[in-house]
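In what follows, chains carry the letters A, B, and so on, assigned in the order in which the sequence lines appear, proteins first and then strands, with residues in each chain numbered from 1.
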Protein chains: 4
Amino acid sequence: MTHKIAILGASGYTGAELIRLIAGHPHMEIVALSGERKAGMKMTDVFPHLRHMALPTLCKIDEIDFSGVDLCFCALPHKTSQQVIRDLPADLKVVDLSADFRLRDPEAYHKWYGNAHAALEQQEKAVYGLSEFYREQIKGARLVAGTGCNAATGQFALRPLISAGVIDLDDIILDLKCAVSGAGRSLKENLLHAELSEGYNAYAIGGTHRHLGEFDQEFSALAGRPVRVQFTPHLIPANRGILATVYVKGDAHEIYRAFENAYADEPFVELLPFGEAPSTHHVRGSNFVHIGVAADRIEGRTIVIAALDNLTKGSSGQALQNANLMLGEDETTGLMMAPLFP
Amino acid sequence: MTHKIAILGASGYTGAELIRLIAGHPHMEIVALSGERKAGMKMTDVFPHLRHMALPTLCKIDEIDFSGVDLCFCALPHKTSQQVIRDLPADLKVVDLSADFRLRDPEAYHKWYGNAHAALEQQEKAVYGLSEFYREQIKGARLVAGTGCNAATGQFALRPLISAGVIDLDDIILDLKCAVSGAGRSLKENLLHAELSEGYNAYAIGGTHRHLGEFDQEFSALAGRPVRVQFTPHLIPANRGILATVYVKGDAHEIYRAFENAYADEPFVELLPFGEAPSTHHVRGSNFVHIGVAADRIEGRTIVIAALDNLTKGSSGQALQNANLMLGEDETTGLMMAPLFP
Amino acid sequence: MTHKIAILGASGYTGAELIRLIAGHPHMEIVALSGERKAGMKMTDVFPHLRHMALPTLCKIDEIDFSGVDLCFCALPHKTSQQVIRDLPADLKVVDLSADFRLRDPEAYHKWYGNAHAALEQQEKAVYGLSEFYREQIKGARLVAGTGCNAATGQFALRPLISAGVIDLDDIILDLKCAVSGAGRSLKENLLHAELSEGYNAYAIGGTHRHLGEFDQEFSALAGRPVRVQFTPHLIPANRGILATVYVKGDAHEIYRAFENAYADEPFVELLPFGEAPSTHHVRGSNFVHIGVAADRIEGRTIVIAALDNLTKGSSGQALQNANLMLGEDETTGLMMAPLFP
Amino acid sequence: MTHKIAILGASGYTGAELIRLIAGHPHMEIVALSGERKAGMKMTDVFPHLRHMALPTLCKIDEIDFSGVDLCFCALPHKTSQQVIRDLPADLKVVDLSADFRLRDPEAYHKWYGNAHAALEQQEKAVYGLSEFYREQIKGARLVAGTGCNAATGQFALRPLISAGVIDLDDIILDLKCAVSGAGRSLKENLLHAELSEGYNAYAIGGTHRHLGEFDQEFSALAGRPVRVQFTPHLIPANRGILATVYVKGDAHEIYRAFENAYADEPFVELLPFGEAPSTHHVRGSNFVHIGVAADRIEGRTIVIAALDNLTKGSSGQALQNANLMLGEDETTGLMMAPLFP
């Protein structure tokens with residue numbers, strides 16, 4: 001059986017990544033691709049690396065006949081996504097890659113994104129799309145909200161520790177190193193090669209990055225009381241990858257055991273031998289997460305490091321993993337390709 | 001049916017790339033991996049990006065029981081390869097990725113590589129592994145010699161033109177831009193990040209690069225008379241990719257038609273619309289070749305540009321394509337993955 | 001004695017490079033910096049790497065009192081430059097970094113740039129700013145036209161050969177590899193880090209790049225008859241540098257001697273030992289040009305390679321060299337800094 | 001007056017950087033360059049970017065007549081340096097760039113470096129070379145020990161805060177992002193372009209990096225009681241730069257004032273406006289340090305970020321600054337060049 005797939009917003013990097021992944025999926029077929037500003041263009045002209053594929057021409061969303069679609073990926077910009085999803089057929093399965101349905105609380109949404117939500121009904125029902133932790137709800141969901149790529153990385157490093165009660169909840173620091181594709185295909189001066197390559201810097205310092213909304217929501221729910229973390233992202237001259245260096249207070253071996261218990265059966269999460277450090281080099285282009293744990297020389301302090309590819313496990317790979325769950329496919333179908341190295 | 005595969009020399013980049021590709025092949029199983037200096041090591045420690053795979057531990061070649069092997073990839077260094085292959089079971093199918101069996105003439109081999117060949121019997125029978133042009137011989141071969149990555153790129157740009165008689169054979173210039181993984185995992189000062197990134201240069205200038213031996217052999221055979229080309233490689237700060245900018249004398253539209261005729265049914269060769277230039281960005285991690293043709297402002301002069309990934313189509317992907325042919329598989333099995341972009 | 005300097009268009013890369021260079025010049029003082037869209041901004045906010053310097057705030061051009069200015073650098077966009085320069089005080093010394101005054105023939109200008117020239121009077125008097133070849137005219141000039149960065153590189157590789165009559169004028173191929181800062185600080189998709197890094201491609205193929213207008217003008221004037229070259233630029237994932245690989249027909253040793261004669265006394269041109277290849281790594285951030293010559297294996301064919309930094313010798317360094325000549329300074333003042341490596 | 005300078009170990013990156021800087025110093029002349037393994041080679045062949053300079057040929061150390069030398073820079077490997085310096089003339093001024101004389105306590109040296117010190121007499125008298133904080137001792141010193149590049153960066157971010165007593169001394173985390181030239185010109189697999197570019201990772205995790213010995217020594221001396229920090233370095237795909245993101249507990253505005261007081265008159269330290277984040281892009285190739293301070297959303301937590309160029313301010317620029325002090329020159333002579341951007 002072949003599932004008919006539509007991708008809305010196919011002209012950005014997460015759209016292209018979805019197409020790359022679906023091309024290797026044995027039970028999916030792309031039947032529609034939208035791109036409002038580039039409607040009428042061939043995908044070959046938007047993404048020449050897809051030249052070998054027979055793909056639908058980009059169209060406008062309102063030209064799509066959704067009756068023939070089994071599942072729709074939404075890779076639209078924030079705020080646009082909620083308006084579009086509100087008006088999609090009520091029984092259409094949707095995986096959203098934007099930020100619009102990640103926060104369950106409309107007030108939290110307003111606080112972090114600055115506007116009232118335009119699709120409160122859908123927001124209420126959306127399931128948070130971190131597959132490893134929301135698997136059962138995702139299977140039955142109509143709308144799944146893809147997580148922030150930084151938020152995903154930080155949660156892989158911290159959720160099992162909060163659940164197991166092995167760290168101090170009031171002293172958690174996430175220092176994230178992010179590659180540039182996380183910023184999308186947008187024309188900003190600081191994303192130019194000449195500005196970015198050969199140097200690096202922190203941004204959104206002081207706790208202003210929007211993914212903090214996700215951390216607050218998820219960690220507080222897990223802990224059963226408010227949890228607030230420190231989170232500083234850095235822009236690194238590379239195209240793919242997020243590395244989260246997380247500083248916690250807790251016993252390193254207890255922490256390691258909590259990861260062993262949590263991830264023993266997870267096909268995409270690799271726990272490294274104690275004391276080893278993961279690298280974004282080793283997950284590029286794949287759906288894997290690598291996690292390392294080390295004890296600091298100061299007793300009672302532990303360093304946890306998580307690495308993933310922001311476009312794959314952090315976004316489009318996660319989305320496909322969720323789509324597999326929603327469609328009754330094996331969760332790993334089309335997602336077991338090895339990373340590209342070098 | 002599953003083919004049992006051995007890879008000799010699995011600790012280099014072409015070895016790792018073979019493993020990545022075979023991981024996605026439905027009818028192949030890796031049963032042995034050799035690495036003389038790293039024998040006894042787990043692949044996870046040699047290539048942490050393969051951590052998720054269950055792979056044999058690296059062993060020495062003489063520890064392998066070849067009776068249970070259907071096909072053997074040799075990714076060993078030049079000169080070592082011929083000695084090893086000479087001693088392999090006579091009926092074992094072998095795809096060699098080294099330079100050792102590319103040149104059919106022992107004197108030409110001696111001229112370009114500086115030593116007498118140690119396996120003349122095997123050399124005589126080896127088939128040149130440019131799949132698109134030696135397909136039928138490869139199907140029946142016992143030993144296939146993978147081409148040089150630069151040599152492959154140049155031949156995709158020139159073979160159809162020489163065959164069709166549409167260019168001046170005495171005035172052909174290949175200006176190649178090569179990424180660094182073509183130099184392998186060797187510890188050389190000029191391959192360090194600090195030496196290579198942010199700059200670029202020509203090397204082997206003046207017609208001294210060994211891949212000229214392949215050009216001379218293949219182009220002369222095609223033309224039925226001696227053909228010698230100019231070839232200047234350049235080292236570019238990128239990890240994967242070869243771009244061949246080829247300057248020829250001939251009519252651009254005739255040249256374009258020659259490509260159309262030659263590549264119409266080829267699954268891995270994409271001819272761009274007339275006047276468009278290909279990019280290594282758009283073939284990374286894939287087995288595709290992109291070819292562009294443009295007329296110069298000076299009448300009778302044409303620019304042909306070919307782009308491929310040196311580790312995939314230029315080496316390990318080509319090797320797998322040949323193995324498919326030798327094993328009776330569809331040539332494209334396991335090789336249709338889309339390029340990784342960005 | 002200190003020369004008072006104004007820089008118009010100081011918010012682009014060539015403007016920033018001028019400021020960097022002038023900061024090390026013992027006899028120059030920056031008295032005005034213009035930036036129309038960013039007028040009122042501090043340079044620290046436009047270019048934080050200049051934070052340590054006391055610089056004028058960006059203003060609009062019409063706010064500058066040119067009576068206190070000894071020399072004005074124009075780093076404005078093409079077409080804007082000619083309008084601004086037309087209206088500057090007639091006795092103000094000007095070094096223009098745009099393309100507007102490079103072509104002496106108004107028809108040639110119209111052909112390559114697509115519009116009628118707005119300052120024909122000034123165009124007629126402008127001196128072509130390739131310091132090593134127009135030294136005497138530059139000393140007496142009121143307006144000097146900085147060359148194209150590609151055009152400069154190609155001319156360093158070819159002018160002495162054309163003058164000495166040692167190459168075939170009808171078969172010259174320039175294959176150029178250009179770093180991205182040559183495209184300026186403009187927001188274009190192909191200049192994004194995610195699009196550019198890790199890959200490369202030709203552009204403006206077939207003889208359409210505007211710098212061909214300069215080659216045609218200069219080479220024909222030198223030869224005393226029309227000369228047209230083939231020129232294909234490539235965009236390389238690096239920030240600074242141009243490498244010109246030039247294929248000519250002529251004797252390599254005669255060619256080498258022509259360079260020895262031409263450049264023996266030039267402080268910024270380094271001729272490498274015969275057979276060695278220069279690298280953009282070794283000129284970065286400096287005003288030097290490195291030139292290499294090698295004989296091809298095919299008799300009578302020679303490869304000439306020139307490397308320079310497009311922002312320094314190819315643009316702002318050249319501009320300062322010309323300003324030194326115009327102001328009676330030693331030509332090398334403020335320009336002998338060593339390249340930055342690694 | 002011109003000071004005669006010798007550089008021992010001139011074939012590494014810090015040696016090359018010293019030559020680049022001294023080339024722009026009006027009162028220094030290089031009279032001897034040593035390189036044991038490359039003795040007899042011209043610097044042009046070791047570092048082609050210095051081709052334009054007239055430099056002494058590399059020699060062995062025992063070939064140098066130190067009677068004609070005013071000051072000697074030692075850019076030798078760790079352990080070699082102490083043996084060489086022990087045997088230099090007792091009155092020769094020496095700036096050492098190795099780790100050998102950074103730790104004052106022989107036991108601490110043994111703990112971090114694993115061997116007994118071979119020049120205890122010199123070690124005792126050596127002055128720690130962080131110019132801004134040891135200025136007066138450096139002026140009178142015979143031997144100055146250059147600091148670790150990471151150690152320098154961390155100290156710029158923390159010393160004024162410890163001195164002013166405005167942070168919790170028991171909860172300091174330094175997350176450092178280091179460019180690759182800090183690892184020197186050594187042939188290691190992880191420093192290859194193919195291994196390093198496009199990815200990043202932590203190393204020496206858990207408090208094992210040797211620069212912790214310097215932090216412990218300096219911070220404890222400042223505080224008058226033991227201070228131990230957490231320090232995790234990361235290897236970033238860039239050639240120059242260190243960015244220290246420092247997490248402290250203390251009031252952000254008090255912290256900012258402590259920096260204002262400490263650095264108001266420092267020519268090389270730039271304190272950014274409150275809340276702004278520095279970038280390694282903006283210090284490349286220069287002797288400047290940029291420092292930013294931001295308040296976290298969690299009250300009482302502050303983020304301090306320091307950026308410098310590891311080869312300049314972190315090593316060779318610092319060394320020249322110290323040499324200026326030792327020779328009675330103005331501290332900034334030859335060091336005010338602007339950063340190279342882009």
task: Assert yes or no for the condition that the ring centre distance of Phe231(C) to His209(C) is strictly below 6.0 Å.
output: yes
- prompt: Any Lys/Arg nitrogen of Asp171(C) or Arg301(C) sitting under 4.0 Å from an Asp/Glu carboxylate oxygen of the other?
  reply: no
field: Between Phe274(C) and His253(C), ring centroids under 6.0 Å
entry: yes
query: Where on Ser197(C) is there a heavy atom nearer than 4.5 Å to chain B: the side chain, the backbone, both, or neither?
result: backbone
- prompt: What part of Ala307(C) is in contact with chain B, defined as an atom under 4.5 angstrom from a non-hydrogen atom: side chain, backbone, both or neither?
  reply: neither
- line: If one checks every heavy atom of Ile236(C) against chain B at 4.5 Å, the contacting part turns out to be side chain
query: What class does the angle between the rings of Phe47(B) and His49(B) fall in, given that below 30° is parallel, 30 to 60° is tilted and above 60° is perpendicular?
result: perpendicular
- request: Check each atom of Ala252(C) against the heavy atoms of chain B and say whether the ones under 4.5 Å are side chain, backbone, both or neither.
  value: neither
- request: Side chain from CB out, backbone as N, CA, C, O: work out which of these in Ile298(B) comes under 4.5 Å of a heavy atom of chain C, or both, or neither.
  value: both
message: I need the residue from Ser279(B), Gly206(B), Pro342(B), Ala202(B) with the largest number of non-hydrogen atom pairs under 4.5 Å to chain C.
response: Gly206(B)
field: Toward chain B, the part of Ile173(C) with a non-hydrogen atom under 4.5 Å
entry: side chain
- prompt: Between Lys249(C) and Asp296(C), is the closest basic N to carboxylate O distance under 4.0 Å?
  reply: no
- prompt: Between Leu192(B), Val283(B), Ile205(B), which residue shows the highest count of heavy-atom pairs closer than 4.5 Å to chain C?
  reply: Ile205(B)
statement: Closest non-hydrogen atoms of Ile291(C) and Ala306(C), given as atom of the first, atom of the second and distance, are CG1-CB, 4.2 Å
query: Which bit of Pro237(C) comes within less than 4.5 Å of chain B, counting heavy atoms only: side chain, backbone, both or neither?
result: both
task: Determine the minimum heavy-atom distance between Ile242(C) and Thr153(C), stating which atoms define it.
output: CG2-OG1, 3.5 Å
- prompt: Given that the side chain runs from C-beta out, which part of Arg284(C) has a heavy atom under 4.5 Å from chain B: side chain, backbone, both or neither?
  reply: side chain
task: Check whether His193(B) gets within reach of chain C through its side chain, its backbone, both or neither, counting any heavy atom under 4.5 Å.
output: neither
